[in-house]
Engineer: 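A single structure is presented below for examination.
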Amino acid sequence: MKRALTVLALAASTLVAAASQAAPVYYRAVASGPAEDIPNGSPGSSVAAFEIDDMILRAEVPFRDLSSPTISAHIHCCTVDAFRGVSPVAVPFLDFPLQVTAGAYSAVFDLGDASIYDPAFLAANGGTPQLASGALIDAFNGNQAHVNIHTERYTAGEIRGFAVAAPIPEPGTWAMMGMGLGVLTLLSRRRFSLQPQPIV
């Protein structure tokens with residue numbers, strides 16, 4: 001039994017050690033018309049997912065039910081206050097699906113590449129990708145960066161949502177951990193049940 005507890009403790013400490021290493025940080029942005037700086041009644045919505053892994057930004061932006069066709073989309077940065085205000089374009093979504101009311105956008109951005117930033121954002125943040133990426137990451141962590149989808153009807157933005165840290169591991173991570181601990185528990189019970197039982 002002592003050995004089984006030692007194995008369980010070792011597994012738990014390994015999991016904690018792995019989690020404490022520099023791991024990707026995940027964010028979600030729930031975008032809607034009422035969340036725009038001037039709220040609107042758009043039925044459109046999006047739950048965008050972002051991952052920042054060192055200097056790589058991954059974006060998954062599904063959207064649906066927009067009231068008119070898309071004309072552009074971007075990450076805006078950096079508002080003065082968290083969850084409110086307006087800010088300029090920081091990272092344009094090149095190749096975003098245009099002239100549609102529903103779809104999905106997926107992209108990987110190298111934050112160390114000056115060409116991914118809007119020139120005005122880059123200039124306003126020191127003129128280097130290192131300084132611009134620092135400002136963008138700080139804004140993600142401070143809830144001062146938002147995704148915005150612009151349409152023909154709402155040229156200033158039909159739906160938007162601020163990026164919020166999503167520290168909860170993906171379901172697959174929890175499932176893997178649960179399976180591993182379950183197997184260890186079964187092994188420890190089996191070993192314990194094989195011990196000779198005292199005769200009464």
Side-chain angles (χ1 to χ4, degrees), residues 24-53 55-125 129 132-166 168 170-171:
V25 182
Y26 300 94
Y27 303 86
R28 296 285 183 270
V30 178
S32 67
E36 283 287 348
D37 187 57
I38 299 175
N40 64 61
S42 169
S45 65
S46 171
V47 179
F50 300 98
E51 175 189 334
I52 297 178
D53 187 358
M55 291 294 281
I56 298 298
L57 168 65
R58 293 178 180 85
E60 298 287 338
V61 187
F63 59 96
R64 59 186 228 173
D65 301 327
L66 297 175
S67 65
S68 64
T70 54
I71 57 172
S72 64
H74 343 265
I75 295 172
H76 289 251
C77 184
C78 312
T79 59
V80 174
D81 299 314
F83 300 114
R84 50 187 294 228
V86 295
S87 57
V89 173
V91 179
F93 289 164
L94 302 177
D95 302 322
F96 191 83
L98 301 180
Q99 296 300 305
V100 295
T101 57
Y105 174 74
S106 179
V108 177
F109 301 97
D110 178 356
L111 297 177
D113 179 357
S115 69
I116 72 153
Y117 300 101
D118 183 86
F121 177 79
L122 188 68
N125 288 282
S133 66
L136 184 64
I137 291 169
D138 286 347
F140 264 75
N141 290 328
N143 310 118
Q144 296 166 294
H146 57 89
V147 64
N148 209 336
I149 298 177
H150 304 261
T151 63
E152 290 177 359
R153 182 175 179 187
Y154 296 100
T155 57
E158 179 162 336
I159 61 173
R160 81 166 180 172
F162 279 86
V164 177
I168 300 169
E170 296 296 316

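Here the structure is a predicted model, which means the values were calculated and not measured. Basis for what follows: all heavy atoms, side chains included, without hydrogens, waters or symmetry-related copies.
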Engineer: Which distance, rounded to the nearest 0.5 Å, do you find between the OG1 of Thr70 and the CD1 of Ile159?
Structural biologist: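 That separation rounds to 10.5 Å.
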Engineer: For side-chain contact (heavy atoms from CB on, under 4.5 Å), just list the numbers for Val108 and Arg58, CA-CA rounded to whole Å, side-chain angles, deciding distance to a tenth of an Å, and then say yes or no.
Structural biologist: CA-CA 4 Å; Val108 177; Arg58 293 178 180 85; 4.0 Å; yes
Engineer: Show the nearest heavy-atom pair for residues Glu51 and Pro24, with the distance to one decimal.
Structural biologist: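 So the minimum-distance heavy-atom pair works out to OE2-CB, 3.5 Å.
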Engineer: Is the shortest side-chain heavy-atom distance between Ile137 and Val25 below 4.5 Å?
Structural biologist: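 With C-beta onward as the side chain, the pair stays apart.
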Engineer: To the closest 0.5 Å, what do you measure between CD (Glu152) and CG (Leu66)?
Structural biologist: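 Rounded to the nearest 0.5 Å, the CD-CG separation comes to 11.0 Å.
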Engineer: Roughly how far apart are Ile116 CD1 and Leu111 CG, rounded to 0.5 Å?
Structural biologist: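 If we round to the nearest 0.5 Å, Ile116:CD1 and Leu111:CG are 5.0 Å apart.
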Engineer: Using the side-chain hydrogen bond (donor to acceptor under 3.5 Å, both in side chains) rule, pick out the option among Ser72, Ser68, Ser42 that qualifies with Thr151.
Structural biologist: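 Exactly one option meets the side-chain hydrogen bond (donor to acceptor under 3.5 Å, both in side chains) with Thr151, and it is Ser68.
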Engineer: How close do Phe140 and Ala145 get, counting heavy atoms only, and between which atoms?
Structural biologist: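 In this case the closest contact between Phe140 and Ala145 is CD1-CB, 3.9 Å.
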Engineer: Between the main-chain N or O of Ala102 and the side-chain N or O of Arg64, is there a donor-acceptor pair closer than 3.5 Å?
Structural biologist: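 Not confirmed, Arg64 side chain does not pair with Ala102 backbone.
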Engineer: Has the side chain of Glu158 got a donor or acceptor atom that lies under 3.5 Å from a matching backbone atom of Ser67?
Structural biologist: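 Between the backbone of Ser67 and the side chain of Glu158 there is a qualifying donor-acceptor contact (under 3.5 Å).
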Engineer: Is the side chain of Ser46 donor-acceptor paired with the backbone N or O of Pro62 at a distance under 3.5 Å, no angle test?
Structural biologist: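 It does hold such a pair.
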Engineer: Phe50 versus Val147: any side-chain heavy-atom pair under 4.5 Å?
Structural biologist: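 With C-beta onward as the side chain, the pair touches.
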Engineer: Has Asn143 got a side-chain atom pairing as donor or acceptor with Ala163's backbone, closer than 3.5 angstrom?
Structural biologist: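 Answer holds: yes.
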Engineer: Heavy atoms only: give me the nearest Ala104-Phe63 pair and the separation to one decimal.
Structural biologist: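 Shortest heavy-atom contact: N-CE2, 3.8 Å.
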Engineer: With rounding to the nearest 0.5 angstrom, report the CG to CG distance, Leu136 to Leu122.
Structural biologist: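 Atom-to-atom, Leu136:CG and Leu122:CG are 11.5 Å apart.
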Engineer: Find the distance between NE2 (His150) and NE2 (His74) and round it off to the nearest 0.5 Å.
Structural biologist: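 With rounding to 0.5 Å, NE2 (His150) is 3.5 Å from NE2 (His74).
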Engineer: Verify, without hydrogens or angle tests, whether Thr101 (side chain) and Asp65 (backbone) share a donor-acceptor contact under 3.5 angstrom.
Structural biologist: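 Between the backbone of Asp65 and the side chain of Thr101 there is no qualifying donor-acceptor contact (under 3.5 Å).
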Engineer: For residues 78-97, which side-chain N or O atoms pair as donor and acceptor with protein atoms under 3.5 Å away, sequence neighbours left out?
Structural biologist:
| from | atom 1 | to | atom 2 | distance (Å) |
| --- | --- | --- | --- | --- |
| Thr79 | OG1 | Asp81 | O | 2.7 |
| Ser87 | OG | Cys77 | N | 3.2 |

Engineer: Go through it in stages, so that I can follow the logic: the residues are Asn148 and Glu36, the test is side-chain contact (heavy atoms from CB on, under 4.5 Å), and I'd like the CA-CA distance, side-chain angles, deciding distance and then a yes or no.
Structural biologist: CA-CA 8 Å; Asn148 209 336; Glu36 283 287 348; 2.7 Å; yes
Engineer: Let me confirm one number: the CD1-OH distance from Ile149 to Tyr105, rounded to the nearest 0.5 Å.
Structural biologist: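 It is 11.0 Å, given to the nearest 0.5 Å.
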Engineer: Which atom names give the shortest non-hydrogen contact between Arg160 and Ala35, and what distance separates them?
Structural biologist: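 Closest heavy-atom pair between Arg160 and Ala35: NE-O, 2.7 Å.
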